Structures are given as structure tokens and as C-alpha cells.
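Notes for the one structure printed next.
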2 protein chains.
Amino acid sequence: MSEKHPELNLDNQLCFSLYAASRHITRLYQPMLKQHNLTYPQYIVLLILWQKDGMLIKDIGERAQLKSNTLTPLLKRLEQNGLVTRQRDSEDERQCYVYLTEQGKNLESLCACIPSQMLKQTEMPIEKLIELKQLLDQLVVKEVHGK
Amino acid sequence: MSEKHPELNLDNQLCFSLYAASRHITRLYQPMLKQHNLTYPQYIVLLILWQKDGMLIKDIGERAQLKSNTLTPLLKRLEQNGLVTRQRDSEDERQCYVYLTEQGKNLESLCACIPSQMLKQTEMPIEKLIELKQLLDQLVVKEVHGK
DNA sequence: AACATTTAAATCGTGCACGATTAAATCACT
DNA sequence: AGTGATTTAATCGTGCACGATTTAAATGTT
């Protein structure tokens, strides 16, 4: 066991805990999302559209922190599955609006139980989860300003 | 703005904060890793091997929480780049050991500055980062037991 | 010894992520 | 009006992640 560089010990790396925890939580979502034929990033995009229908891809991207190279194919899949439609802005043909279909809107109620089921599975007290979320958001906020 | 299902508000979703923070931190690593022609998951695997050289793929996978379907191609790329070699166990031909090459070993010292540079970039006090890491690890530990 | 079971790695297919580039529309400025 | 810069989405290529399957080797059981 090398101890030349203890700062490189995996157990000291916040980055790895973050990476592992994120994938772990995504895996926990899979069984529930699979019932609705959704992937986790698709679910994120739907969360955004359920809050505000008819958004521009650009604005969805800002909210989800994803660019068109990820969103365009993802939205095409959602469209193929009948959950959204895409429509160019007639005022500015560069832009593209995304609208929920009826099926996409109806899915919201069906997914409403997911957050509470997830909370149950994590088995961590709600105060700790809130604390964790705040710390995570602080970690990201810095760079948004710096940009 | 739909408020039928406030539990689905993106801003209330720990999962999204986790997902966004993880990708954010990975992006922060990119410039430093690119200098050594490494991706972030490759760096994770090297962190593991720097701690203990000559591990089985199975054990690397347990440590990194990755299976062979992810590790095999990743290790082939590390091998192509001259950082590791792979060798079947002659006692048990199913198993495969991964060894650092000289170049792979030498890279450790070159990467030793990365953690401190990352700490600088996050601009979050070290106590908060430690707290964050502990919470993340608690989130994951539960499922390992349940499994 | 024969055969079912288990294990480890590799393979396959799908869907992200993301850097880089492209194409088209709009804007800004002369 | 003309043209260079900017904006938006799409496209392209690479490398993960991961469920599912396959292959080969080892193990267990009769």
C-alpha cells in the first residue's frame, strides 16, 4: 500500500464519494422509472417541463445544466415515446419550444409517488438530507458566478 | 407553473443536486486530467491502483463500484496508453490482474498536486467539505448492507 | 468421471455527457 | 443594404454506465 501520496488516497476524495453517491441514487430510481419507460435524465427533463410547459431547449438546458448535444437526442426519444412535441419558434427560427403532450402531462400524477418512495429507501433522516442538499448546491453555485 | 405536485419541484430534489454537483466536479477535474491524457473514471481507477498495485479487476470493480462491462474497455484504454498491463492469473484463468507500468507508477507524483488544486477551486471551507463527504458516504453505505 | 452450478471477464446494445464543429437565423454596425 | 459577430440547435466522435448475455474456467455434487 503506497503512502507516498496520502492526498491521493481514494478514501480521502470527496470527488469519489460524490461520483459514487450520484450513480447509487440513480440506480435506486431505475426500478420506478422503468415502469414508465423513462431514464433518469429524461425524468429530470420532465420534472422541468412539469414545472413550466413550453420551454425553449436553451432554457431547459440552463435548468438541467445540459447542452443541446445531450438534450437534442434525449428530447427526440421523449418525442418518439409520445411524451413531448418540439416546435420551432416562428418569430426566431433558431429557437425550439418543447411542449408536453397529454400523455406527458398525465405522467406527472403517476410519478408523484416517486420522491416519497425514494425518501423511504435512503433511510436517512430528512434533516440530514436537507443539509446534504444545501451543501451540494453551495458547491455548484460558486462556479456559476465564476462563469 | 404547475403546483399540483410540489414534491416534484426540481428545486426540492436532492437527486438533482447530487447529479448536477457530480457532473460539475468532474468538469472541474477535466483541465488537470487532460494534461495527463486521462478521463475522470480512468483517474479513479489509477487512484485505486496507486494504493495497491496488482489488483484483480473484480476487486477494482468493488472499490470503484463498477462492473467489468465498464472496466474492461476502460482498462484496455489505460493499457493502450501504456499506464497498466493486464495479466491472467495462472492459478485461476478466470481472474485477471492489473499492474501499473513504470509510466503508470510515475504518474502518481505528477497527479499529487491535483487534490489541493481542486480544494482551492471549490472555495468551500474544509470542514464543510468533510461534512459533505460524510453525508454522501452515509447515503451509499445503507444500500451496501441491504444488498 | 459426469454434469450442474457458480464465478470472472468479456461482449453487446442503449443512452447519456461533453468537447468540438457545423448550419442557419438573427443581430449589430457601418 | 451589406457583412461580420453572435446565438441556437443539431451533428459528430469518444468514453463512460449499466442491464443483459456469453464464454470460459473453476467448483460442487453425485
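What you are looking at is a predicted structure, and each value in this text was computed from that prediction instead of being measured. Note on naming: letters A, B, ... go to the chains in the order of the sequence lines (proteins, then strands), and numbering restarts at 1 for each one.
- The nearest whole Å value for the distance from the CG atom in B:L56 to the P atom in D:dA26 is 14 Å.
- The residue among B:T70 and A:D89 whose nearest nucleotide of DNA chain C lies closer to the 5′ end is B:T70.
- Closest of all the heavy-atom pairs between B:P31 and B:R27 is CD-O, 3.4 Å.
- Comparing B:L75 and A:L74 by the nucleotide of DNA chain C that holds the closest heavy atom to each, the one mapping nearer the 5' end is B:L75.
- A:R86 places its CZ atom 5 Å from the P atom of D:dA10, with the value rounded to the nearest Å.
- When each of C:dA10, D:dC18, C:dT26 is scored by its nearest atom to the side-chain atoms of A:R94, the top-ranked nucleotide is C:dT26.
- As judged by a 4.0 angstrom heavy-atom cut-off over every strand, A:N69 is placed among the base-contacting residues.
- Between D:dA26 and B:R88, no contact under 4.0 Å exists linking OP1 or OP2 to a side-chain N or O.
- Remark: C1' of D:dA25 and CD of B:E91 are 14 Å apart, rounded to the nearest angstrom.
- In this structure, CD of B:Q87 is placed 16 Å from C1' of C:dA8, rounded to the nearest angstrom.
- In the set C:dT11, C:dA8, D:dA9, D:dA9 carries the atom at the smallest distance from any side-chain atom of A:T72.
- Put simply, CD on A:Q30 is 9 Å from C1' on D:dA17, counting in whole angstrom units.
- Across all strands shown, A:Y19 has heavy atoms under 4.0 Å from sugar-phosphate atoms exclusively, and none from any base.
- With rounding to the nearest 0.5 Å, the separation of NE2 in A:H36 from CG in A:N81 is 13.5 Å.
- Annotation: the span from B:T122 atom OG1 to A:L139 atom CG amounts to 6.5 Å, rounded to 0.5 Å.
- As judged by a 4.0 angstrom heavy-atom cut-off over every strand, B:L71 is placed among residues making no nucleic acid contact.
- Within a 6.0 Å sphere centred on CD of B:E62, other residues, nucleotides and ligands contribute 12 heavy atoms or fewer.
- Checked against A:V45 for a side chain to side chain contact (heavy atoms under 4.5 Å, CB included), the options A:T70, A:T39, A:L71, A:L38 give a single hit: A:L71.
- The two residues A:C96 and A:R86 make their nearest non-hydrogen contact at SG-CB, 3.9 Å.
- Remark on DNA chain D: of its neighbouring residues A:T26 and A:D59, the 5'-side contact belongs to A:D59, judged by nearest-heavy-atom nucleotide.
- For B:S68 against C:dA10, a side-chain N or O and a base N or O form a donor-acceptor pair under 3.5 Å.
- Distance, B:N81 CG to D:dG15 P: 9 Å, rounded to whole Å.
- B:K34 has no side-chain polar atom (N or O) that falls below the 4.0 Å cut-off from OP1 or OP2 of D:dG15.
- For the pair B:Q95 CD and D:dT23 P, the interatomic distance rounds to 21 Å; values are reported in whole Å.
- In this structure, B:Y29 and B:Y43 have tilted ring planes: the angle between them lies in the 30° to 60° band.
- What separates CG of A:L78 from C1' of C:dT14 is a distance of 15 Å, to the nearest Å.
- A:R27 has a side-chain polar atom (N or O) that falls below the 4.0 Å cut-off from OP1 or OP2 of D:dC18.
- Taking a 4.0 Å limit (strictly below) on heavy-atom distances, residues 35-47 of chain A does not reach DNA chain D anywhere.
- Considering every non-hydrogen atom in both A:L49 and A:L100, the closest pair reads O-CD1, 3.6 Å.
- Side-chain proximity of A:K67 to the nucleotides C:dA9, D:dG19, C:dG19 is greatest for C:dG19.
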